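Written out below as structure tokens is the structure these notes cover.
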Amino acid sequence: MGTRHEPAAYVEAVLDVVELIPAGKVMSYGAIAEYLADRFDRGSARRVGTIMALHGGSVPWYRVVNAVGRLPPGHEITARRQLAAEGVTFRGERVNMTAHAWFPADGR
DNA sequence: ATAATGACAAGAA
DNA sequence: CTTCTTGCCATTA
């Protein structure tokens with residue numbers, strides 16, 4: 001649907017979604033791209049990752065992890081500390097996605 | 001215009 | 001579990 005692909009608008013949309021993620025929950029790059037797919041034609045996990053790398057500093061970036069729960073390269077220490085403080089549990093190096101993966105719409 | 005490069009993802013082996 | 005291959009899309013060289 002939505003045939004819109006304004007770069008700035010997409011960046012804004014991504015950051016907005018990240019701000020919606022509740023403490024103690026996480027979303028994957030792919031989930032964010034999937035959620036925005038309704039309103040933006042061009043979008044991808046790849047794109048969301050790039051956006052987070054460049055503009056993630058203004059939002060709770062540590063609540064965004066990859067599909068298997070791995071933390072963003074170069075920021076594992078900080079991210080893990082933040083998440084642990086919010087009650088997120090880990091399975092080795094990975095976030096326990098089964099317990100903390102979150103998606104809008106369903107509220108929660 | 002082609003090629004390489006990413007805070008990615010899913011499937012095959 | 002690890003590695004490789006495809007598909008993805010913007011950016012940079």
Side-chain angles (χ1 to χ4, degrees):
Chain A
M1 312 330 228
T3 311
R4 193 166 259 63
H5 50 58
E6 246 183 89
Y10 192 73
V11 171
E12 282 301 309
V14 168
L15 297 179
D16 284 347
V17 174
V18 176
E19 295 214 338
L20 294 178
I21 306 173
K25 292 290 176 182
V26 301
M27 252 186 110
S28 70
Y29 303 92
I32 294 173
E34 191 181 307
Y35 178 66
L36 295 175
D38 290 317
R39 289 174 287 141
F40 296 86
D41 278 2
R42 308 179 203 289
S44 67
R46 204 64 137 163
R47 177 120 97 120
V48 172
T50 301
I51 289 170
M52 287 309 287
L54 297 174
H55 319 279
S58 52
V59 295
W61 55 269
Y62 53 83
R63 294 189 184 134
V64 182
V65 302
N66 75 16
V68 293
R70 221 181 282 295
L71 304 173
H75 299 263
E76 294 92 348
I77 313 299
T78 308
R80 176 158 187 156
R81 191 184 66 245
Q82 289 295 306
L83 292 172
E86 299 182 349
V88 172
T89 61
F90 289 75
R91 199 181 55 194
E93 298 278 293
R94 322 193 292 94
V95 167
N96 188 339
M97 295 303 276
T98 310
H100 306 105
W102 179 83
F103 198 86
D106 243 16
R108 229 190 277 54

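Residue numbers begin at 1 in each chain, while the letters A, B, ... track the order of the sequences. The structure presented is a predicted model; accordingly, all values stated were derived computationally and were not measured. Basis for what follows: all heavy atoms, side chains included, without hydrogens, waters or symmetry-related copies.
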- Message: Between A:Arg70 and A:Thr50, which residue's closest nucleotide on DNA chain C lies nearer the 5′ terminus?
- Response: A:Arg70
- Message: Using a 4.0 Å heavy-atom cut-off, does A:Gly43 contact any base of the nucleic acid, only the sugar-phosphate backbone, or nothing at all?
- Response: sugar-phosphate
- Calculate the interatomic distance between A:Tyr29 atom OH and C:dG7 atom C1'; express it in whole Å. 19 Å
- Item | Separation of the C1' atoms in B:dT5 and C:dC8, to the nearest angstrom | 14 Å
- Message: Using side-chain contact (heavy atoms from CB on, under 4.5 Å), reason through A:Leu36 and A:Tyr10 one step at a time and then give a plain yes or no.
- Response: CA-CA 9 Å; A:Leu36 295 175; A:Tyr10 192 73; 3.9 Å; yes
- A:Ser44 has a side chain; which of B:dA7, C:dC9, B:dG6 sits nearest to it? C:dC9
- Side-chain contact check for A:Ala45: nearest option of B:dG6, B:dA9, B:dA7 is B:dA9
- May I ask you to say what A:Ala53 touches in the nucleic acid, namely base, sugar-phosphate or nothing, with a heavy-atom cut-off under 4.0 Å? base
- Message: What is the distance, to the nearest angstrom, from the CG atom on A:Asp41 to the C1' atom on C:dA10?
- Response: 16 Å
- Note on the structure: Atom CG of A:Leu54 and atom P of B:dT5 are separated, to the nearest Å, by 18 Å
- What interatomic distance, in whole Å, is found between C1' of C:dA13 and the corresponding atom of B:dA1? 13 Å
- Message: Can you tell me which nucleotide in B:dG6, C:dA10, B:dA9 comes closest to the side chain of A:Arg46?
- Response: B:dG6
- CD/A:Glu76: more than 12 non-hydrogen atoms of other groups inside 6.0 Å: yes
- Query: A:His75 has an atom NE2; how far is it from atom P of B:dG6, in whole Å?
  - Reply: 14 Å
- Query: Between A:Glu6 (CD) and C:dC9 (P), how many Å, whole number?
  - Reply: 18 Å
- Query: What do you reckon, is CG of A:Leu54 surrounded by more than 12 foreign heavy atoms closer than 6.0 Å?
  - Reply: yes
- Any chance you could lay out the side-chain contact (heavy atoms from CB on, under 4.5 Å) test for A:Val14 and A:Val59, step after step, and finish with the verdict? CA-CA 10 Å; A:Val14 168; A:Val59 295; over 6 Å; no
- Item | Spacing between A:Arg47 atom CZ and C:dA10 atom P, to the nearest angstrom | 5 Å
- Item | Integer-rounded Å distance: B:dA7 P and A:Ile77 CD1 | 17 Å
- Below 4.0 Å: OP1/OP2 of B:dA9 and any side-chain N or O of A:Ser28: yes
- Message: With clusters defined by side-chain heavy atoms of hydrophobic residues (ILVMFWY) lying less than 4.5 Å apart, directly or transitively, does A:Leu20 cluster with A:Tyr62?
- Response: yes
- Message: Whole angstroms only, please: what is the OH-C1' distance between A:Tyr10 and C:dC8?
- Response: 11 Å
- Closest to the A:Ala67 side chain: B:dA7, B:dA9, C:dG7? B:dA9
